[in-house]
Amino acid sequence: MYTTQIKLTTNELSDAWETIANGDIFLSISYLKSLEEGIPSNMQLFFIEVYDMEKVVGIALVQYIEIKQLSTLGERDPWLHKQLRNFCLKKFCPGVLVVGNNLLTGNHGFRHTQGITSDLFLNTIENSLQSIQNQLNIQQKKASMITWKDYTFPDYTSFFKPKKYVTLQAQPNMIFHVNVQWKGFEDYKTALQKKYRQQLQRAQRKIVHLEKKKLNINWIEHNEEQLHALYYAVAENAPFNTFILPKNHFSALKKHLNDQFYLYGYFDQEVLIGFSTLIANGKQMDTYFLGYNPQVQKNYLLYLNMLYDMVAFSINQGFEKIVFGRTALEIKSSIGAEPEEVIGWMQHQKPFIHRNLVKITKWVEPKATWTVRHPFTEKH
């Protein structure tokens, strides 16, 4: 018989948590502490530990996201679409329970030992969600939908399908696989077809006079307003948001992750015009949030240059792959990232809405139309 304990802070987590996280930095206590400290205002964290007698055999991160708290859900879409979407979401989906991490792309929600089967573990976590909902009810909050996010098909299909969860086909996760023969960024350049090598050279010429700096904790802490303004300029123009990062989010990450968190600033005559962030996760590099001044982005091809810089850094540092996430699919494809299909599972409390979840999610966030690029020569 397996039991669970629901913890509300990282200080309550057992020593076994880190062991079961098994090297995934996004389930490490250091990262979770940074998230706890720099948490979006509409998010609440729950940590589940699964026990076999007195031994911890599994862990899970659950986030409650209060949609109705957000001042903006994204401003890119036409006005009427935004108004209808915002009204429907805040009325019929005011709060969502996410098993996983809604700030990331990928399965960073749970881990368990080999001593418990996946189906039994997931069933135990699912039962614990009711206890979390009871706690939320006491706070006069409501979770109208449950989402388990970002699995590679057919992971866990045998568990979710019989329970009548709805499959959510999300945008693909863009993954860049580093060729083992590359010793540095010059090898990457050589592997590109002429068209894409010219794209790289054209982009790099645009920023030749800009200065790129690796920023430390002191700089980040003293310039949170600048960083947040640039981040918000990008986030506000996204098609759909479920959270807005607080101003101290990046300083909290640097404080707790130290050398595993990288923040690079782009300066034009000492003026910060953009920044990018990376998190090292073992031999994998995960791109994180970025920001830039939209008024200068196009002139400098700043976003494209950030992507190239992320590739250069990861190759030169010996990482095996880069996780680029699920936005700007075509431009990421043009630098060599490849799509990896990921799925999620959803369940809404209202039967009518549950039956139409696929249609609703396609309306809220339409699937992007894009062309897969093949930038490398055949010898790659």
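What you are looking at is a predicted structure, and each value in this text was computed from that prediction instead of being measured.
There is a path of hydrophobic side-chain contacts, each under 4.5 Å, that joins F313 to Y308.
For D286 and K321, the salt-bridge test fails: no basic side-chain N is under 4.0 Å from an acidic carboxylate O.
In this structure, F160 has its ring center closer than 6.0 angstrom to the ring center of W345. Here F376 and W182 bring their ring centres to under 6.0 angstrom of each other. Ring to ring, F185 and Y188 are close: their centroids are under 6.0 angstrom apart.
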Working note: Y165 + E126, criterion side chain to side chain donor-acceptor pair (under 3.5 Å); need CA distance, chi angles, decisive distance, verdict.
CA-CA 12 Å; Y165 279 86; E126 185 183 45; 2.7 Å; yes

Passes side chain to side chain donor-acceptor pair (under 3.5 Å), K141 versus Q44? Steps please.
CA-CA 11 Å; K141 297 178 180 179; Q44 189 171 340; 3.1 Å; yes

Could you go through N134 and Q130, starting from their C-alpha distance and side-chain angles, then the distance that decides it, and tell me whether this counts as side chain to side chain donor-acceptor pair (under 3.5 Å)?
CA-CA 6 Å; N134 293 339; Q130 184 57 57; 3.0 Å; yes

With ring pair (Phe, Tyr, Trp, His ring centres under 6.0 Å) as the criterion, how do Y2 and H112 come out once you've worked through the C-alpha distance, each side chain's angles and the decisive distance to 0.1 Å?
CA-CA 12 Å; Y2 294 96; H112 60 83; over 10 Å; no

Apply side chain to side chain donor-acceptor pair (under 3.5 Å) to the pair T377 and Q193, showing each step before the final yes or no.
CA-CA 5 Å; T377 57; Q193 294 184 48; over 6 Å; no

Could you give me the CA-CA distance, side-chain angles and deciding distance for Y262 and Y288, then say whether ring pair (Phe, Tyr, Trp, His ring centres under 6.0 Å) is met?
CA-CA 9 Å; Y262 306 87; Y288 203 57; over 10 Å; no

Could you walk me through whether F275 and Y231 pass the ring pair (Phe, Tyr, Trp, His ring centres under 6.0 Å) check?
CA-CA 8 Å; F275 73 92; Y231 152 74; 7.6 Å; no

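The backbone N or O of L263 lies less than 3.5 Å from no partner atom in the side chain of K214, so there is not a single donor-acceptor pair. Side-chain N or O atoms of S276 include none that pairs as donor or acceptor with a backbone N or O of L290 at under 3.5 Å. Between the side chain of K247 and the main chain of L227, no donor-acceptor pair closer than 3.5 Å is present. No donor-acceptor distance shorter than 3.5 angstrom exists from the side chain of D150 to the backbone of G344, with no hydrogens or angles considered. The backbone N or O of F289 sits less than 3.5 Å from a side-chain atom of T277, completing a donor-acceptor pair. Judged by distance alone, with hydrogens and angles left aside, the side-chain atoms of N102 form no donor-acceptor pair with the main-chain N or O of V98 at under 3.5 Å. Listed for the Q199 side chain is no donor-acceptor partner under 3.5 Å among the backbone atoms of K195. Distance alone, capped at 3.5 Å, is enough to place a donor-acceptor pair between the D187 side chain and the K183 backbone. For K149 (side chain) and L104 (main-chain N/O), a donor-acceptor pair under 3.5 Å exists by modelled atom type.
F261 does not carry K254 over the face of its six-membered ring by the limits of under 6.0 Å from the centre and within 45° of the normal. Both tests hold for K213 against F267: distance to the six-membered ring centre under 6.0 Å, angle to the ring axis within 45°.
At most 12 non-hydrogen atoms from other residues, nucleotides or ligands lie less than 6.0 angstrom from NZ of K142. When the shell of 6.0 Å around NZ of K206 is examined, it contains 12 or fewer heavy atoms from other residues, nucleotides or ligands. Annotation: Q269, atom CD; neighbour count of heavy atoms from other residues, nucleotides and ligands within 6.0 Å does not exceed 12.
No side-chain donor-acceptor contact under 3.5 Å links E338 and S333. A donor atom on one side chain and an acceptor atom on the other are found under 3.5 Å apart for H256 and E37. Counted by atom type alone, E49 and S14 present one or more donor-acceptor pairs between their side chains at under 3.5 Å. A donor-acceptor pair shorter than 3.5 Å cannot be found between the side chains of E221 and S251.
Between T190 atom OG1 and Q181 atom CD the span is 12.0 Å, to the nearest 0.5 Å.
Pairs passing the ring pair (Phe, Tyr, Trp, His ring centres under 6.0 Å) check and including a residue from residues 194-213, sequence neighbours excluded, read H209-Y300. Sorted by first then second residue, the side chain to side chain donor-acceptor pair (under 3.5 Å) pairs that include residues 23-32, not counting sequence neighbours, are D24-H108, D24-R111, D24-N281, Y31-N101.
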